[in-house]
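Residue numbering restarts at 1 for every chain, and letters A, B, ... go by the order of the sequence lines.
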There are 2 protein chains.
Amino acid sequence: MELIQNPSFEEAAELLKEYLSREYTVQVNGLCTVNYRGRAKSKLDRGERILLKKQDSALLVHGPENYQPKNWQPEVDSFKVEIEEEGLVLKALRRNPDEVVEVFFDEISFITVDQLVDKSELKIAGHEVDIHEAIEENPEIVEDGLKVVEREKETDAGFIDVFARDKDNVYVVIEVKRNPDYNTVLQLQRYVEEIDDEFQGDIRGILMAPKLSEKIQDYLEERGLEFVGVEMAQIIPSYEAVDNSQKGLSDFKPSHSLE
Amino acid sequence: MELIQNPSFEEAAELLKEYLSREYTVQVNGLCTVNYRGRAKSKLDRGERILLKKQDSALLVHGPENYQPKNWQPEVDSFKVEIEEEGLVLKALRRNPDEVVEVFFDEISFITVDQLVDKSELKIAGHEVDIHEAIEENPEIVEDGLKVVEREKETDAGFIDVFARDKDNVYVVIEVKRNPDYNTVLQLQRYVEEIDDEFQGDIRGILMAPKLSEKIQDYLEERGLEFVGVEMAQIIPSYEAVDNSQKGLSDFKPSHSLE
DNA sequence: CCGTGCAGGTCGCTG
DNA sequence: CAGCGACGTGCACGG
C-alpha cells in the first residue's frame, strides 16, 4: 500500500495518472469543489471530502455526513487528470448515460493507493425471492389449503409472483412485496383483472408483505383485495430479531444528536 | 488529522472508543468479516475493506468494487468496541428499525481520525419539481395554448402534478415523472378517472418525462393518454449536454473492462 | 414520529 | 443492449 501525506499536486497527479485507470483502490482526502452534468446538473462548493475510486472504476465523493455520497459515478469510462493554476482537476466521464463528474482539488491532505482483496460474496436472506420460495415450500403461511399453481406466471400485465388456488379451488393471485405502496395495489389489481379475462369466475388477489400501512390496506380492501402479513422468522429459519431493549454495559452512545 | 499505520488492536480500540461516537470522520482500512441483522440478515466473509464512520454517525463498509457499500448503517444510535481473541469487533446498533452491523477486524492496515469541514450545500437542478416549475412558468413547453389551473391538486387518488386546460379549454391532467414505468401510466389513468368523476366531459391525460420506452408508450396510448417529452435544456437554461463524441488528447481509459 | 413518493437512484436479471 | 422491478433502498417533506 502506498500512502502519501500532504503530497504536492505534481506527486498526486503522477499517482492518479498511474493508478486511476487500473484495478487499484485510490483514495484522496482533501479540499475540493465538484461539478456534475448529465441526467441532471449539480454544483458542490469547496469543502473537505473523501474521494474514493474503486477497482471497478466506480467513483465516490463523500462529504463528512450522510450515507450517500455527494457526487459519484457508478462506472467511469474515461478519467482525465490535469494540473491547473493552484489545483488539481480530476474528470470522470461516463457513457450511457453521458455524464461527467469534475473534482477540483485545492488541497490534498493525503492520498492512498492499494489493491484490496475481497473474493467473498455477500449472502443476504430475507429478499422478496426468499418469500416466494417460502410460499412454495410452505403454502400454509399464506392460508390453509392453498395450492401453488405457478410461480412467475407471465401475463400481458407482467409477471405474477405466485399464482395459486385456495381450498375452494378459487384462483388466487399473490403479489409479494417487501415495501408495498399504492402502486403495488394498482399492480395487483391489474393482475387480477388480467387473470379475470383469462379464466373468468371469481379471482382473489392477495398482497403479501412484512407490513402494510393502514391507508394502503384500506385502498387495497376497497378494491376487494386482501392482505396477508409475513414474518421474517417464517422465511428465515435462523432469524432472531435484534434485541435492543437492554443496552450492554460497555456500549456508548453517539453525541451527534446532542447538538 | 491523526493517522496510524498498522496499529495494534489496542491502539485501534482506544482511538475508536474515543472518536466513534463523536463528530469525527473515522476511517479504518483492513481485513474484516461483517454481519448484519435487522430488516433482513446478511453475512460477509473475510475480505479487505474500507470502513467509514461519518460525523453524523453514518457507517459504511465499502468493498473494492461497486458504487454501493457492502454493509452500512445510515444512522447509528450506539457503538460498541471490543477486543476479542486475535481481533477487534465494532458493533453499530440502530433503532427504528432495530438493526445491527457487526464488523470483525482481523487486520488493520491503517486508521485515520479527522474532522472534515464542509458547509457547502449541494445544488442540483433537473429534479421533478424543477419540471413542475418550468411548466408553470412556460406552459408552452407542454403544448401551445396551455393554461395551468393548479399545481399539486389533491384528489382521492392522490396529488395531480399539474392540472390545466388546453387551447380548446379541455381539462388536462399532467403527470410529471423523471423515470416513468407502467405504474406511472396506471397512476395517470387513476387521476383522469378521478377528474372525470368530478368535472365530467372530456379529460386529457399527459405524461411528461425526459423519455419513455416504446412499450410503455403503447400501454399509455391504449388508454387514450398522451406523452410529451421534456428536454433538460428546457428546464435548466444553462444546461449543455455532455459531449463525449471526441475524446480529449490527455485522457486515458480504464483497463478495468479488459479482463 | 409516521406516511408517502422522488432519486443523477443503483443493481441485477431477462429477452 | 434495453426493459423492468426490487432494494436492509435512502432521503426529504408533510401531516
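- Salt-bridge annotation for A/Glu65 and B/Lys54: absent, with no side-chain N of the basic residue lying under 4.0 Å from a carboxylate O of the acidic one.
- If you take NZ of B/Lys70 and P of C/dT10, they are 18 Å apart, rounded to a whole angstrom.
- D/dA6 atom C1' lies 14 Å from atom CG of A/Asn183, rounded to whole Å.
- Across all strands shown, B/Tyr182 has heavy atoms under 4.0 Å from sugar-phosphate atoms exclusively, and none from any base.
- Within 4.0 Å (heavy atoms only), B/Asn179 reaches sugar-phosphate atoms of the nucleic acid but no base atom.
- D/dG8 and D/dC4: their P atoms are spaced 23 Å apart (whole Å).
- Here B/Arg151 does not pair with B/Asp161 in a salt bridge; the nearest charged N to carboxylate O distance is not below 4.0 Å.
- When the shell of 6.0 Å around CD of A/Glu231 is examined, it contains 12 or fewer heavy atoms from other residues, nucleotides or ligands.
- The environment of NZ in A/Lys123 is crowded: more than 12 heavy-atom neighbours from other residues, nucleotides or ligands sit within 6.0 Å.
- At a cut-off of 3.5 angstrom, the base of D/dG8 holds at least one donor-acceptor pair with the side chain of B/Gln73.
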Scan nucleotides 10-14 of chain D against the protein and return all N/O pairs shorter than 3.5 Å with their distances rounded to 0.1 Å.
from	atom 1	to	atom 2	distance (Å)
D/dG10	OP1	B/Arg39	NH2	3.2
D/dG10	OP1	B/Trp72	NE1	3.0
D/dG10	OP2	B/Arg39	NH1	3.1
D/dC11	OP1	A/Tyr67	N	3.2
D/dC11	OP1	A/Gln68	N	3.2

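- With hydrogens and angles ignored, no donor-acceptor pair closer than 3.5 Å exists between the side chain of B/Asp181 and the base of D/dG3.
- We find that A/Arg37 and A/Glu99 are not joined by a salt bridge, their nearest charged nitrogen and carboxylate oxygen being 4.0 Å or further apart.
- Between B/Glu175 and B/Lys177 there is a salt bridge, since at least one side-chain N of the basic residue sits less than 4.0 Å from a carboxylate O of the acidic one.
- Atom CD of B/Glu75 sits in a sparse spot, with 12 or fewer heavy atoms from other residues, nucleotides or ligands closer than 6.0 Å.
- Here the P atom of nucleotide C/dG9 and the CG atom of A/Leu59 are 17 Å apart, to the nearest Å.
- In this structure, of D/dA6, C/dG3, D/dC4, it is D/dA6 that holds the atom nearest to the side chain of A/Glu175.
- Contact between the side-chain N/O atoms of A/Ser213 and the OP1/OP2 oxygens of C/dT4 is found at a separation under 4.0 Å.
- Judged by closest nucleotide on DNA chain D, B/Ile216 is the one of B/Ile216 and A/Arg178 placed further toward the 5' end.
- For the pair B/Ile124 and A/Glu214, both in contact range of DNA chain C, the more 5′-proximal nearest nucleotide belongs to A/Glu214.
- The nearest whole Å value for the distance from the CZ atom in A/Phe159 to the P atom in D/dC4 is 11 Å.
- Between A/His127 and D/dG8, a side-chain N or O to OP1/OP2 separation shorter than 4.0 Å is present.
- The separation between B/Arg190 atom CZ and C/dG5 atom C1' is 17 Å, rounded to whole Å.
- Between A/Lys177 atom NZ and D/dG5 atom C1' the separation is 7 Å, expressed in whole Å.
- As the counterpart of D/dG8, no nucleotide is assigned, since no Watson-Crick or G-U wobble pattern has both distances under 3.5 Å.
- Below 30°, between 30° and 60°, or above 60°: for A/Tyr171 and A/Phe163 the angle between ring planes is below 30°, a parallel geometry.
- Between the CZ atom of A/Arg95 and the P atom of D/dC1 there is a distance of 12 Å, rounded to whole Å.
- Note on B/Lys41: nothing from the nucleic acid sits closer than 4.0 angstrom, heavy atoms only.
- If you measure from atom CD1 of A/Ile131 to atom C1' of D/dG5, you get 15 Å, rounded to the nearest angstrom.
- Distances from the side chain of A/Lys215 to the nucleotides C/dG3, D/dG8, D/dA6 place C/dG3 closest.
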